[in-house]
Visitor: 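My questions all concern the structure below.
FYI, the numbering just counts along the sequence from 1. For the numbers below, each heavy atom of this structure counts, side chains included, while hydrogens, waters and symmetry mates do not.
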Amino acid sequence: MLKRTLGPAMVGLIAGIDNLGASLAFAALLFPGALSAGLGMGVGVLLLSGVILALVIALRSSNPNTIAMVQETSIAILASSIVGVTATMTASSNDQRIATVFAVLGTSTVLTGACFWLFGTLRLGGLVRFLPYPVVAGFLAGSGWLLIEGAAVMLSGSHQASALFSTLADPLGLAKLLPAGLFAVALLLALRRSTNPLIAPLVMVGAGGVFYALLAAGDISTDQARAWSWLPTTPADGTIALPSPVWVVQNADWRAVLATTPAMASAVILSMIGLLLNSSGLELSSGRDLDANAELRSSGLANLLSGLVGGTSGFVGLGMTLLADKLGVHGRAAGMATACVLAIGLLCAPLLAALMPTFLAAGLMVFLGLELLLEWLVASRRQLPRREWLVVAAILLAIMLVGFLAGLALGLAISVVMFVYTYSRLPVVRMVATGTELRSSVDRSTVAIQRLNTQGQRIHVLQLQGYLFFGTVERVVSEVRERLQALSERPLQFLLLDLRAVSGADSAATASFLKICTMADAEGVTVIFSHLSPELRLAVERAGLAFASHSGCQLAPDLDHALEACEEALLQDDTSAGSTSEVLRHLEGALGPHPRLPDLVAAMDKLTLPPGADLIRAGESADDVYVLGHGRVKVQITLPNGRPLRLRTMTSGAVVGEIALYLGGKRTADVVVETPSTIFRLGRGRLEHLEKSDSELALLFHRLLAVTLSEKLVLANRLIQLAQN
């Protein structure tokens, strides 16, 4: 019982103190200079946000021991924008400026929560991960710089970060700058040397204790320290100060709030990325699968509630959640304990805000900024290729020199360029083949096969894949142009473009199809499109390609039918193919001249079958082999829904059923006559009789079957080789 109580209490105390210190620093960052009158309310709102985030996410997260934290990246972006907007409100009262700050915070957090919840509900959490890693790293490194820049504004009291350099000549300014820098470096080194979770709170408390000890030693009053801006100029009356939502709505300058829309959108995007990155890190560290969409929904609800009170956004804190795992804390008590510690801090928020030294808040901002820069700029140099790391540096440089919006625009532009460049390098041509290597599912005579072997290069097949756009389709055009101009190969007669694996195409791609047809038509080449979807066909026709009136551009339902049409065209003017109606010619084409071929024909039964007749039925014993003397048959199976599916077509000279004859067993498919056919059959019993009585004739028939099987094996090997290339 004691262990179950002390573990969550310890984790909650550590997380609460860490969140408490960060909230004080964030409030000082959001309410610098003339806005410091709202510092007490700012601390109260940030602590209340921490309570809401920790409690709601602890109760609803898919990971029971999740500890939520107010996150610095969105604060960094919003603080920079808030400073710029409030600086332009010269005619506004101080109350209106402070209300505007809370309006920006609340609106941004509500938008973040709504996007979290919407993406989680629609299960779109994975979409954010499409942003390239270098761009995300550049945004986060830029957030680190904004935190350092905000600390500079906090210390100089000016809205221009460059004013920090003027404080170097001012002893009072130097007295604020040096302690902040020393504290940031000390905290950074302490956390690099030790992973003890108490280090950060102890360094913060120790630095504050040293500050007040020096005030006492120098006999400097707190009022004098406030006059020198060493302490915030906020009253320490000890009462809870929270802005009323009604007061914020009535007093805020909503035109100024609207001006921060780009910054709020950036904060939403970075918060989404941060949540998913932390969730992924938690999965890797804990070895448990987390539902990213469930985390988005729970964080969305928490941020919506936080935004309604003018608070800031937050989500799972990776470090604190892993700490709970290391301490063996499992369950929702750690997050609830964190909320309790922050609620206690909320009771004395104005007092804490008034007593926190300026250098401590600024130093903590510098530390957080350095942490982001070290992780996403320095450490990423060892992880990323040089080209991708330069993207990170370019985005950071743009943020430093021009501002976060410029860095955001540059990052999005780089994302588009990187996508186009990366996608354009993917192979858009899936396979290149000729009619010699790739055949239709029609089994033909040996004479016809030999004819196709010599004439197959007149058929050129391009199988395309992926999304065709201006960055990839030019490679298709170049491939076609190269083949049309190839002098070392047979003149091209058919160009087949198979689009089965194409997911879509832009206007540049559809225009390129028209260009290909024009090039092919000039060379007397027929272009056949197979697997052209209705949507893509409509786009191609809109580009100016009319299939109905353009005889040089045709359509085929699939590649098999396209190949079959091309093969028929190549064979129709072949005189030897025309004589294959005689089975004897077929046998001569397969085996060569032999005096016993007429005896082999005489040994077979002659069948004359009409269209629709069943030659073979699935399930029958495989006791016969057939030679198609004239006509056409199809091999098909019957699907569970009763619909027949064609597997192959066989024409004059084809041998049917030889594999099943050798293997025995049952027939696995139906063979149906398509056109009036003359077929010769040799049964198993007759073949066994020939093996005993006329071995020469039996051997001749086995040679026929061996040649047929070898031709099919050669075609299968060609397909395998094409698939490997």
Side-chain angles (χ1 to χ4, degrees), residues 6-7 9-26 28-29 65 67 69-73 75-76 137 140-141 143-145 147-148 150-152 154-155 176-214 274 277-278 281-282 284-286 316-329 334 338 341 356-384 389 392 396:
L6 286 180
M10 177 61 69
V11 173
L13 182 63
I14 295 170
I17 293 175
D18 183 80
N19 222 333
L20 179 63
S23 296
L24 291 169
F26 292 154
L29 180 65
N65 56 341
I67 299 176
M69 308 283 287
V70 172
Q71 300 293 329
E72 67 270 13
T73 50
I75 293 287
L140 294 173
S143 299
W145 166 254
L147 287 173
I148 296 174
M154 189 189 309
L155 292 172
K176 293 186 293 182
L177 177 62
L178 286 179
L182 291 174
F183 170 71
V185 172
L187 186 56
L188 188 64
L189 293 176
L191 291 177
R192 287 288 186 270
R193 290 180 174 271
S194 174
T195 58
N196 192 308
L198 292 174
I199 289 295
L202 288 177
V203 173
M204 292 176 62
V205 173
V210 169
F211 171 77
Y212 280 102
L214 291 176
L277 286 177
N278 281 7
L282 192 57
L284 292 175
S285 300
S286 63
V316 55
L318 180 59
M320 288 300 167
T321 304
L322 292 179
L323 173 63
D325 270 340
K326 291 178 181 177
L327 295 180
V329 177
T338 302
V341 173
M356 186 173 188
T358 305
F359 84 89
L360 198 61
L364 186 57
M365 290 296 100
V366 173
F367 162 74
L368 293 173
L370 288 175
E371 282 276 274
L372 287 171
L373 286 172
L374 289 173
E375 179 179 359
W376 297 103
L377 179 68
V378 178
S380 64
R381 180 63 189 91
R382 297 189 297 270
Q383 302 168 357
L384 297 175
W389 181 82
V392 180
L396 173 61

Visitor: Minimum heavy-atom separation for Ala190 to Ile199, with atom names?
Guide: CB-CG2, 3.6 Å
Visitor: For Leu188 and Leu374, run side-chain contact (heavy atoms from CB on, under 4.5 Å): C-alpha distance rounded to whole Å, both residues' side-chain angles, the deciding distance at 0.1 Å, then the answer.
Guide: CA-CA 11 Å; Leu188 188 64; Leu374 289 173; 3.8 Å; yes
Visitor: At what distance, to the nearest 0.5 angstrom, does CD1 of Ile67 lie from OG1 of Thr338?
Guide: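 The distance works out to 4.5 Å.
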Visitor: Show the numbers, then the answer: is there a side-chain contact (heavy atoms from CB on, under 4.5 Å) between Val70 and Phe26?
Guide: CA-CA 9 Å; Val70 172; Phe26 292 154; 4.0 Å; yes
Visitor: Would you say Leu29 and Leu147 make side-chain contact, with heavy atoms under 4.5 Å?
Guide: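 Sidechains of Leu147 and Leu29: in contact.
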Visitor: How close do Tyr212 and Pro357 get, counting heavy atoms only, and between which atoms?
Guide: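 It is CE1-CG, 4.4 Å.
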Visitor: Can you see which heavy atom on Leu372 is nearest to which on Ser143, and at what distance?
Guide: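 Smallest interatomic distance, heavy atoms only, reads CD1-C, 4.1 Å.
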Visitor: CG/Leu187 to CG/Leu364 distance, rounded to the nearest 0.5 angstrom?
Guide: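 So the gap between those two atoms works out to 7.0 Å.
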Visitor: How many angstroms lie between atom CD of Gln383 and atom CD of Glu375, to the nearest 0.5 angstrom?
Guide: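 So the gap between those two atoms works out to 8.5 Å.
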Visitor: Restricting to non-hydrogen atoms, name the atom on Trp376 and the atom on Val392 that form the minimum distance, rounded to 0.1 Å.
Guide: O-CG1, 3.4 Å
Visitor: First locate atom CZ of Phe183, then atom CG of Leu178, and finally report the distance between them rounded to the nearest 0.5 Å.
Guide: 15.0 Å
Visitor: Could you give me the CA-CA distance, side-chain angles and deciding distance for Ile148 and Met365, then say whether side-chain contact (heavy atoms from CB on, under 4.5 Å) is met?
Guide: CA-CA 6 Å; Ile148 296 174; Met365 290 296 100; over 6 Å; no
Visitor: How far does CG of Leu373 sit from CG of Leu368, to the nearest 0.5 angstrom?
Guide: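 Answer for the CG-CG pair, Leu373 versus Leu368, is 11.0 Å.
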Visitor: Quick check for you: to the nearest 0.5 Å, what is the distance between Glu72 atom CD and Phe367 atom CZ?
Guide: 9.5 Å
Visitor: Please test Met69 against Val316 for side-chain contact (heavy atoms from CB on, under 4.5 Å), starting from the C-alpha separation and ending with a verdict.
Guide: CA-CA 6 Å; Met69 308 283 287; Val316 55; over 6 Å; no
Visitor: Tell me the closest heavy-atom pair linking Phe359 and Ala207, and the distance in Å.
Guide: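 Reported closest heavy-atom pair: CZ-O, 3.8 Å.
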Visitor: What are the two closest non-hydrogen atoms of Trp145 and Leu396, and how far apart are they?
Guide: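 Closest heavy-atom pair between Trp145 and Leu396: CB-CD1, 3.9 Å.
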Visitor: Is the shortest side-chain heavy-atom distance between Trp389 and Ser380 below 4.5 Å?
Guide: yes
